[in-house]
Enquirer: 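One structure is given below, represented as structure tokens, and several questions about it will come after.
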There are 2 protein chains.
Amino acid sequence: MARQGLSKDSVVRAAVCLIEEKGFQQFSMGKLAARLHVKTASLYNHIESLEKLLECIGGEAVRRLVWLENQAIAGKRGEEALFALAEAYRAFAREHCELYRVIMAFPKWNNPALEQEAGEIVTPILKVLSGYGLTEMQQFHWQRVLRAVMGGFAFHEQSGGFAHFPADRDESFRIAVRCVADGLQRAGGGDGEDGKGNFI
Amino acid sequence: MARQGLSKDSVVRAAVCLIEEKGFQQFSMGKLAARLHVKTASLYNHIESLEKLLECIGGEAVRRLVWLENQAIAGKRGEEALFALAEAYRAFAREHCELYRVIMAFPKWNNPALEQEAGEIVTPILKVLSGYGLTEMQQFHWQRVLRAVMGGFAFHEQSGGFAHFPADRDESFRIAVRCVADGLQRAGGGDGEDGKGNFI
DNA sequence: GCCCCTAACTAATACTATTAGTTTTATTGT
DNA sequence: ACAATAAAACTAATAGTATTAGTTAGGGGC
């Protein structure tokens, strides 16, 4: 019936739009099919299952996030890069909160396709950390510390867990990133503070 | 038939058990009803909806977490209390991961009943922070920093996002908490016990 | 022993994802 | 231009989800 040349890619793209518009909670195969003027079963010609579709959506979300992170740290280093990265992460979580939810919703990042994306998540972070004179093992640890802070802050902020105190959340975030920045400084030997002339 | 005197409390308790055993993903009204040897519709004599039930379960989970936190910091102060609190939080997230998932699953922490619990979450944290000589506003900020670190770490660890590097996660966690501890020290005026509220 | 409240039931509705099998359409080869 | 083929979209059906309305029956208070 009036076939419109739907493809896996167009389905994923439509799903991303629908989620950003109506929210992740509201999303369903039926709603997506209706949006594409197609019966629900027809979607299965292009995707294997809802789970796989969500993995594609999550992959797309991660790619966008990583792109913004790389954009943010381009030409920067040291603390400037660190703050820019963190701000970009938080901005994404706020401005694309429904898409960010999809990322968070995965119970396990076991899927091989997602591990690829997972690796790209770490790339800009390691790029920032590379300016601090850390050992490789320290980089592994501090990468986790930074992701914990950024992810934890975004999560709590989104779920409303940070709403119960009359304190500016932007300021809280700055303090958190400052805390990591100082910790990194100390871990790196304390000799690389000016953020521009230092290299390892 | 053969009515067994089910109550809201026993339903919630059974739901908690079922979730801890079979996982949050597997949970459903039907499964819970089967576990209680009752038809699904019968549950609605005791609870209003799945959403309300999950709120009760989340409340129970939070109460248990807060209890463990308070247990952990009892008789301690300063850094010792801080590390004990963080360890207790992470231990709960690991040992009761399915229950922890319920807490994380709330899209919005708006419900008035949950706000009560939310307040109790902060209590042990503020108790720990009270030894650092912070202003009230600083306590509000650092409470968020600490929750972000603990929550973010637990989340990433659970979703497998921290699995991709050959680095000990315990050590990563220690580094993260150490980072916060040092940040607090600095914010409180360099004295972990009786700081006089020096500003940064 | 009777009454009443309500726990538990049956039945039905409206969703959800998913599969099997069928029709229709576009493209490709001759 | 025409037949063959691959696949896009369909219909129909299944099994799962939460939820509501209306009915039956059991236990506690009188």
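Here is how names work: the chains are called A, B, and so on, in the same order as the sequence lines, proteins then strands, and each is numbered from 1. Since the structure is predicted, the reported quantities are computational estimates derived from the model, not experimental observations.
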Enquirer: When you check the phosphate oxygens OP1 and OP2 of C:dT6, does a side-chain N or O of B:His46 lie under 4.0 Å from one of them?
Expert: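 Negative; the distance criterion is not met.
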Enquirer: Once you round it to whole Å, what is the distance between C1' of C:dT18 and CG of A:Leu53?
Expert: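 So the CG-C1' distance, A:Leu53 to C:dT18, works out to 14 Å.
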Enquirer: Which whole-number value in Å describes the distance from A:Leu54 CG to C:dT16 C1'?
Expert: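 Rounding to the nearest Å, CG of A:Leu54 and C1' of C:dT16 are 13 Å apart.
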Enquirer: Using a strict 4.0 Å threshold on nitrogen-to-oxygen distance, state whether B:Glu21 and B:Arg35 make a salt bridge.
Expert: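 Here B:Glu21 pairs with B:Arg35 in a salt bridge, since their nearest N and O are under 4.0 Å apart.
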Enquirer: Establish, yes or no, whether a centroid distance under 6.0 Å links the rings of A:His96 and A:Tyr100.
Expert: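 Distance test on ring centres: not under 6.0 Å, no.
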Enquirer: In whole angstrom, give the distance that lies between atom NZ of A:Lys52 and atom P of C:dT18.
Expert: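 These atoms are roughly 11 Å apart.
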Enquirer: Consider the side chain of A:Ser28, meaning its heavy atoms from C-beta on, and name the nucleotide among D:dC10, C:dT10, C:dT16 that approaches it most closely.
Expert: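 Comparing D:dC10, C:dT10, C:dT16 against the side chain of A:Ser28, the answer is C:dT16.
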Enquirer: Tell me whether the OP1 or OP2 atom of C:dC9 has a side-chain N or O from B:Ser42 closer than 4.0 Å.
Expert: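 Answer is yes, contact under 4.0 Å.
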Enquirer: Looking only at the aromatic ring of each residue, does the gap between the centers of B:Phe162 and B:Phe153 stay below 6.0 angstrom?
Expert: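 Centroid separation for B:Phe153 and B:Phe162: below 6.0 Å.
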Enquirer: Looking at A:Asn45 and D:dA7, is any side-chain donor or acceptor paired with a base atom of the opposite kind under 3.5 Å?
Expert: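 In this structure, the two groups form no donor-acceptor pair.
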Enquirer: Closest-nucleotide mapping onto DNA chain D: is B:Lys31 or B:Glu48 further toward the 5' terminus? I mean the 5' end.
Expert: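 Nearest nucleotide further toward 5': that of B:Lys31.
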Enquirer: Sub-3.5 Å donor-acceptor pair from the side chain of B:Lys31 to the main-chain atoms of B:Gln26, do we have one?
Expert: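 Here the side-chain-to-backbone pair exists.
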Enquirer: Find the distance A:Leu32:CG to D:dA9:C1' and express it as a whole number of Å.
Expert: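 Whole-Å distance recorded here is 15 Å.
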Enquirer: Classify the nucleic acid contact of A:Thr40 as base, sugar-phosphate or nothing, counting any heavy atom under 4.0 Å across all strands shown.
Expert: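 Base, at least one base heavy atom under 4.0 Å.
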Enquirer: Using atom OH of B:Tyr44 as one end and atom C1' of C:dA12 as the other, report the distance to the nearest whole Å.
Expert: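 My rounded result for the distance is 14 Å.
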Enquirer: Rounded to whole angstroms, how far apart are CD on B:Gln4 and P on C:dA7?
Expert: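 Answer to the nearest Å: 12 Å.
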Enquirer: Any idea which of C:dT18, C:dC9, D:dT19 is nearest the A:Ser49 side chain?
Expert: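 My answer, after comparing the listed nucleotides, is C:dT18.
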Enquirer: How many whole angstroms separate atom NZ of B:Lys39 from atom P of C:dA8?
Expert: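 Checked: the NZ to P distance equals 13 Å.
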Enquirer: Once you round it to whole Å, what is the distance between P of D:dA18 and CD1 of B:Ile47?
Expert: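 Rounded to whole Å, this separation is 10 Å.
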Enquirer: Can you figure out which of D:dC10, C:dA17, D:dT19 approaches the side chain of A:Leu50 most closely?
Expert: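 Between D:dC10, C:dA17, D:dT19, the one nearest the side chain of A:Leu50 would be C:dA17.
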Enquirer: Please answer whether the main-chain N or O of A:Leu126 pairs with a side-chain N or O of A:Gln143 as donor and acceptor at a distance below 3.5 Å.
Expert: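 Not at all, since once roles are kept as given, no pair shorter than 3.5 Å links the two residues.
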